[in-house]
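In what follows, a single structure is set out as C-alpha cells and then discussed.
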Amino acid sequence: MIAAGMFEILCVCVVILYLLYYYLTADFDYWTSRGINGPKPVPFFGNATEFMLGKKCLGDFFTDIYKRYPKESMVGVFVRGKPVLILRDPEYIKQVLIKDFAIFADRQAMVYEKAEPLSLHLFRIDAARWRPLRMRLSPIFTSGKLKDMFHLLLNCSEHFEKYLHEIVSKDSVVECRDLTSKYTVDVIGSCVFSLEMNALKEENNQFQTMGRRIFRSTFKVFFRNMLRELPWLFKHVGHILDDHDIVNFMTELTQSAIEHRKRNNVRRNDFIDILVDLKDNPDKLGVNNVTDPFLAAQLFVFFAAGFETSSSTMTYAMYELAQNQSIQETVREEIKEVLNSSDGVILYDDIKKMSYLDKVFQETLRKYPPVMHLTRKPVKNYTFEGTKISLRKGQQVIIPITAIQNDPDIYPDPEVFDPERFSAINVEQRNSMYYLPFGDGPRNCIGARFAINQTKIGLIKVLTNYKIDVCEKTQIPIVHAPLGSLMLQTTHGIYVKLTKLA
C-alpha cells in the first residue's frame, strides 16, 4: 500500500517536472523557425544563465550577445523560456522607437498595483494610461519653464560650490557619486517639487538615503526582479519583497505636499501643482478617481530619475576628466572664457555657448549610458517592414544602448574618452539611432533638457574651482555590479582627488 502510494507521488512529480520542462522549452524553436540566429538555449535558463544566477547584470548579458553576432541585424535569445529579440540594425530600431511607435508604445515592465504601489509611474505604465499622463506632465519641462526655474538651479549650484569649499582641503579624495547625489537631490527638490531637501546641509540626509536605496543592487532586489518573471506568483507575494520604507516615505511626502498646497491655497505652477490638479480632476486622465499611490508613484519616478541619472553622469564625467588632463584643461578654459563675458555669472544662454562642455557631456553618456538598454513590446502582432520577421503581441524587444554606444565599428576605440566624436561633422555622419542615452521617439526621456542643464552646471562649479586627478582609490576600469539590471551600477565607489585651483 505504502509502496503504491509512493509510486503515485513519484509519477505526479515526474508529470509536473515534464509539464514544467515543456512550458519552459515549448518556444525554443521560435527564432530558428523565423530564420533568426542566436545562441542555443538550455532548459530553465534559456540563454541567461549568468544573469539568472546573479553573476552578470542584464545589460551586460545583452552586450555579450550583441558582440557575439556582429553580422546580424537582430539576434534571437531566450530569457528563461521567453523569446526576446535584440535589435542591432538602426533601421529596425527606428521602426520600433519612431516609425511604428503606436505599435511599440508599451515598455516591457509590468505594473503590479498591489505588490508594487510605486510601479504605477510614467516610465512603466501601459500606453493607454501613459499618453494622457505624459501630456499633463510635459509642461514642467518646456523651454519656458526651464528658463523660469534656472535661478533655482543656480541657487542649488551655489550651495554645492559652498559645500565643496567646506569639505575639500588643499587636496582631498572624494567619492563622486555620494558628492554629486547631494547636489542632484537638492536640485530636483527645489526646481521640480519646490521642496527643501537639504542634502548639502545634512549628513545622512533622508532624501539622499532613500535615493540610494532605490538603486541599490542587493540579492533581495535581484530576487524580486527574478520573481517578476512569474507574474501569477509575484502579484500575490511581491509585496513581501517591496521596500516598504520607500513606499511609505514617498506616499507620505506626496500626501503632505498636496494637503499643504490645498489647505493654504498655494500655487507655484510646478510638479506638485500638477498632482493637485490631477487629484481634483481625474477626468483629465480619463478615469473616475486618482489614488494617492498613483500620485506618489509619479513623484517617486521623477525624484529617482532626477537623482540618479544626473548624479551618475556627473560622476563618470569627473572620473574620465581625472584620467584625461588635456581634455579637462580644454573644457575648463572654455568655461572661463564664456563666464568672463558675463562677469563670472552663469547665464541661461551661456550653457549653449559651451560647445566643448557639451561634447564632454555627450561622450560621457556615450560611454556610460545610465539606462543600459531600452525595452519595448508590440501591442499587437507585428512584422518588421521589408521582412518576414514577425513578433507576437507582447513579445519583448531589446535595444542594447551600452552595446551600441561601445561598438568599435560605430565608435572606433570605444574605451577611449574622445569628446570630438560629437563634433558637428562626426554627428552628421553617424546614424542618430547609434546614440540613445535619452531614448528617442514619443516615449523618450521627458526630463532630458532639465538633466542636461543640471549636470552641466554642476560640472561647471567643480571645474572652475578644482583640478580633478586620479588617486590610489580610483578603480580603473570600473566593474559593473552583477545584480543590477536596467541602470548602470558598479561594485565600488568612484573616487577622485580634488585640488583647489589658485
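Keep in mind it's a predicted model, so treat the numbers as computed, not measured. The residues of the chain are indexed from 1 along the displayed sequence.
For R449 and F141, the positive end is not near the middle of the six-membered ring at less than 6.0 Å and at most 45° from its axis. Geometrically, R430 engages F422 in a cation-pi contact defined by less than 6.0 Å to the ring centre and at most 45° from the axis. For the pair R34 and Y30, the cation sits on the ring face: its NZ or CZ lies under 6.0 Å from the ring centre, inside 45° of the axis. Taking the ring centre of F417 as origin, the terminal cationic atom of K367 falls outside the region bounded by 6.0 Å and 45° from the ring axis. With a 6.0 Å cutoff to the six-membered ring centre and a 45° limit on the axis angle, R366 does not count as a cation-pi contact of Y435.
Partner of Y382 under the side chain to side chain donor-acceptor pair (under 3.5 Å) criterion, out of Q395, Q95, K377: Q95 alone. Screening I399, V77, V397 against I86 for a side chain to side chain contact (heavy atoms under 4.5 Å, CB included) leaves a single residue, V77.
Under the 4.5 Å side-chain criterion, counting only non-hydrogen atoms from C-beta, Y316 is in contact with L488. Within the 4.5 Å cutoff, no side-chain heavy atoms of D440 are placed close to those of I93. Looking at L459 and M318, their side chains come closer than 4.5 Å, going by heavy atoms from C-beta outward. The shortest distance between side-chain heavy atoms of L195 and F303 does not fall below 4.5 Å. The closest side-chain heavy-atom distance from E320 to E363 is not below 4.5 Å. Within the 4.5 Å cutoff, the side chain of N406 has no heavy atoms near those of the Y411 side chain. Side-chain contact check for P132 versus K284: every heavy-atom pair is 4.5 Å or farther apart. With contacts defined as side-chain heavy-atom distances shorter than 4.5 Å, the pair D292/K279 qualifies.
Ion pairing between a basic and an acidic side chain is recognised when a charged N comes within 4.0 Å of a carboxylate O; R136 and D277 show no such pairing. Taking a cutoff of 4.0 Å between a charged side-chain nitrogen and a carboxylate oxygen, K393 and D106 do not qualify as a salt bridge. Ion pairing between a basic and an acidic side chain is recognised when a charged N comes within 4.0 Å of a carboxylate O; R129 and D126 show such pairing.
Between the CZ atom in R131 and the CZ atom in R443 there is a gap of 9.0 Å [rounded to 0.5 Å]. Annotation: the span from Q454 atom CD to S310 atom OG amounts to 3.5 Å, rounded to 0.5 Å. Distance check: I398 CD1 to F62 CZ gives 3.5 Å after rounding to the nearest 0.5 Å. Here the OG1-CZ distance, from T375 to R107, works out to 8.5 Å after rounding to the nearest 0.5 Å. From L275, atom CG reaches atom CG of L299 across 6.5 Å, with rounding to the nearest 0.5 Å. Separation of atoms CD1 (I446) and CD1 (I140) is listed at 6.5 Å; rounding is to 0.5 Å.
A donor-acceptor pair under 3.5 Å is formed between the side chain of Q298 and the backbone N or O of L122. A donor-acceptor contact shorter than 3.5 Å is absent between the side chain of T251 and the backbone of N248. With hydrogens and angles ignored, the 3.5 Å screen pairs no side-chain donor or acceptor of R261 with any backbone N or O of I272. In this structure, the side chain of D270 engages the main chain of D273 through a donor-acceptor pair within 3.5 Å. Remark: side-chain polar atoms of S256 are paired, donor with acceptor, to backbone N or O of L253 under 3.5 angstrom. The backbone N or O of E308 sits nowhere less than 3.5 Å from a side-chain atom of S312 that would complete a donor-acceptor pair. Without hydrogens or angle criteria, N47 side chain to F78 main chain gives a donor-acceptor distance under 3.5 Å. Looking at R177, its side chain never comes within 3.5 Å of a backbone N or O of S311 through a donor-acceptor pair.
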Residues E50, D60; criterion side chain to side chain contact (heavy atoms under 4.5 Å, CB included); working and verdict: CA-CA 10 Å; E50 289 185 298; D60 283 344; over 6 Å; no

F384 and D89: CA distance, side-chain angles, deciding distance, side chain to side chain contact (heavy atoms under 4.5 Å, CB included) verdict: CA-CA 12 Å; F384 281 95; D89 187 281; over 6 Å; no

Test log, rule salt bridge (charged side-chain N to carboxylate O under 4.0 Å, His left out), inputs K456 and D358: CA-CA 8 Å; K456 288 182 179 179; D358 186 62; 2.7 Å; yes

Evaluation steps, salt bridge (charged side-chain N to carboxylate O under 4.0 Å, His left out), between D350 and K353: CA-CA 5 Å; D350 284 345; K353 296 177 184 177; 3.7 Å; yes

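Looking only at atom types and distance, the side chain of T63 has no donor-acceptor partner in the side chain of T402 under 3.5 Å away. For D407 and Y434, the side-chain atoms include no donor-acceptor pair closer than 3.5 Å.
Other residues, nucleotides and ligands contribute at most 12 non-hydrogen atoms within 6.0 Å of the CD atom of E428. More than 12 heavy-atom neighbours from other residues, nucleotides or ligands sit within 6.0 angstrom of CD on E420. The neighbour count for K145 NZ, taken as heavy atoms of other residues, nucleotides or ligands under 6.0 Å away, is above 12.
Annotation: F249 is in aromatic contact with F207 [ring centroid separation under 6.0 Å]. Aromatic ring centres of Y69 and W31 lie farther apart than the 6.0 Å criterion allows. No close placement of the F51 and F61 rings is indicated, their centers lying 6.0 Å or farther apart.
Taking each heavy atom of A481 and T491 in turn, the nearest pair found is CA-CG2, 3.6 Å. Shown here for P370 and T313, the closest heavy-atom pair between the two residues is CG-OG1, 4.0 Å.
Checked against side chain to side chain donor-acceptor pair (under 3.5 Å), D148 has no partners two or more places apart in sequence or in another chain. Qualifying side chain to side chain donor-acceptor pair (under 3.5 Å) partners for N269, counting only residues two or more places apart in sequence or in other chains: none.
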